[in-house]
Amino acid sequence: MGLFIFRVLSLNALSGQQFATYITKECGNKQHFRLHISSEQDWNKPFHEIQIFIKEEEEKSQLARAVAKYIVNECEPQLVKVMLKKESLAQEEDEFVKLYNFCMDLLVDTTENKRSRNFRIEKIATACMDYFSQHRLLHVEGFISFWLKEYTRLLQDTMQYAIEEYLLDRQYEEFISLLQYFVYYQEPLTPVLHLIHDHDSEFNILNEQFKEVNVNYVQGVVARIADQELEMEDAIVSTLITLSPERIVLHTMEPQAVIITTIKRIFGERVEVCTGCTTCQMIHGQKSTN
């Protein structure tokens with residue numbers, strides 16, 4: 001097959017060796033496999049040149065996968081940073097870091113992300129094979145810019161999705177903080193409320209004598225505070241704010257449910273979570289037999 005030459009910007013002293021590690025790992029240590037690293041200059045930018053001699057067609061495919069894995073593992077984080085900076089959404093450094101980490105959570109090598117990550121590697125490896133059929137010299141950064149348009153579009157789409165999710169999360173956190181502030185300064189109107197959690201965001205509200213509190217879900221209080229549409233979980237929060245209990249005993253068999261966490265965050269020390277008292281066992285037991 002002959003000699004292939006790769007050029008990698010020497011961002012640090014280990015850049016070339018790092019690239020070579022991927023090649024060695026993917027192609028294996030074969031007797032005829034030759035790898036040489038040197039430092040050079042190109043357009044006033046330092047780079048490492050890696051020379052690789054291979055004999056077999058199969059090794060060209062392995063070489064393509066090595067390049068693909070190097071790009072996804074080592075170049076992708078920097079690509080995401082550059083894309084985010086172009087968006088200019090985060091004005092403060094700490095906000096940029098949060099947004100960057102949010103993006104990378106969707107890209108890093110986890111069980112949840114494995115399918116999309118493997119898809120990106122295959123796309124790059126295929127592009128490498130096409131490139132190798134015409135060229136023997138590959139400048140990694142230039143290859144990404146000019147040959148991996150589809151890959152960079154995938155990154156862009158992932159980044160846009162991450163930005164939207166991040167902004168929604170930030171809006172939610174601001175919403176929760178506003179409600180916490182409102183509850184903190186609100187005078188209690190009811191001594192105790194027992195909140196019976198059926199499932200999802202469905203609740204029954206009982207007073208301290210365990211009699212049902214006949215109150216319609218109020219959609220005005222929270223809506224005026226947040227100036228946004230209410231979902232079911234917001235409705236129960238709005239009702240609790242309207243009743244303003246000094247203490248909330250929350251009877252649930254799902255203490256980790258999102259709505260339970262939301263209520264605890266908003267009402268703080270006023271909330272007592274019960275997962276096994278006689279009353280809630282009786283109530284949940286009756287519902288399971290109906």
Side-chain angles (χ1 to χ4, degrees), residues 98 101-102 105-106 108 110-116 161-162 164-184 186 188-290:
K98 288 178 184 177
N101 290 337
F102 204 94
D105 283 344
L106 299 174
V108 293
T110 62
T111 304
E112 293 82 5
N113 299 338
K114 190 169 289 294
R115 186 175 178 182
S116 63
Y161 173 78
E164 290 172 10
E165 290 297 307
Y166 172 80
L167 293 176
L168 284 174
D169 272 15
R170 189 173 68 177
Q171 184 182 25
Y172 174 77
E173 290 301 321
E174 291 171 353
F175 176 52
I176 293 294
S177 296
L178 199 56
L179 291 177
Q180 288 171 333
Y181 179 83
F182 185 85
V183 168
Y184 182 80
Q186 187 184 38
L189 301 176
T190 310
V192 178
L193 283 181
H194 292 270
L195 204 56
I196 313 300
H197 181 213
D198 280 354
H199 59 85
D200 297 330
S201 296
E202 295 184 14
F203 291 88
N204 290 323
I205 303 176
L206 308 178
N207 63 20
E208 55 189 327
Q209 284 81 39
F210 287 93
K211 293 182 179 179
E212 190 166 355
V213 176
N214 294 316
V215 57
N216 294 326
Y217 284 127
V218 184
Q219 295 196 357
V221 178
V222 180
R224 286 198 299 274
I225 292 173
D227 192 25
Q228 64 183 40
E229 266 187 51
L230 293 174
E231 296 178 357
M232 185 64 189
E233 68 178 62
D234 300 311
I236 184 62
V237 168
S238 184
T239 301
L240 290 172
I241 288 176
T242 301
L243 295 171
S244 187
E246 187 172 7
R247 181 164 157 257
I248 301 170
V249 182
L250 214 167
H251 303 271
T252 180
M253 294 300 175
E254 303 173 66
Q256 304 304 320
V258 174
I259 180 59
I260 303 301
T261 302
T262 300
I263 292 171
K264 286 165 60 180
R265 288 189 63 190
I266 293 171
F267 293 92
E269 294 180 356
R270 296 190 189 190
V271 179
E272 175 188 332
V273 178
C274 173
T275 59
C277 75
T278 304
T279 303
C280 72
Q281 283 182 350
M282 179 182 68
I283 293 170
H284 287 291
Q286 285 176 350
K287 292 184 182 300
S288 64
T289 57
N290 289 341

(message) Walk me through whether H251 and H194 qualify under ring-ring contact (aromatic ring centres under 6.0 Å, His included).
(response) CA-CA 7 Å; H251 303 271; H194 292 270; 5.2 Å; yes

Roughly how far, to the nearest 0.5 Å, is the [atom2] atom of [Y] from the [atom1] atom of [X]?
X	Y	atom1	atom2	answer
I241	L189	CD1	CG	12.0 Å
I263	I248	CD1	CD1	7.0 Å
N101	Y166	CG	OH	10.0 Å

(request) State whether a side-chain donor-acceptor pair under 3.5 Å links T262 with Y172. (result) yes

(message) Please determine whether a side-chain nitrogen of the Lys or Arg among R265 and E173 lies less than 4.0 Å from a carboxylate oxygen of the Asp or Glu.
(response) yes

(request) Using a strict 4.0 Å threshold on nitrogen-to-oxygen distance, state whether E246 and R270 make a salt bridge. (result) no

So do [Y] and [X] actually touch side chain to side chain, heavy atoms under 4.5 Å?
X	Y	result
L195	V249	no
Q171	L168	yes
L206	L193	no
F102	D169	yes
F203	T239	no
M253	H197	no
F182	I266	no

(request) Just jot down the salt bridge (Lys or Arg N to Asp or Glu O under 4.0 Å) partners of E208, sequence neighbours excluded, or say none. (result) none

Any idea which heavy atoms bring [X] and [Y] closest together, and the distance?
X	Y	answer
K264	V273	CD-CG2, 3.7 Å
N204	E212	OD1-OE2, 4.4 Å
F267	V237	CZ-O, 4.2 Å

If only atom types and distance count, is the side chain of [X] paired as donor or acceptor with the main-chain N or O of [Y] below 3.5 Å?
X	Y	answer
T190	V192	no
S244	L240	no
S116	N113	yes

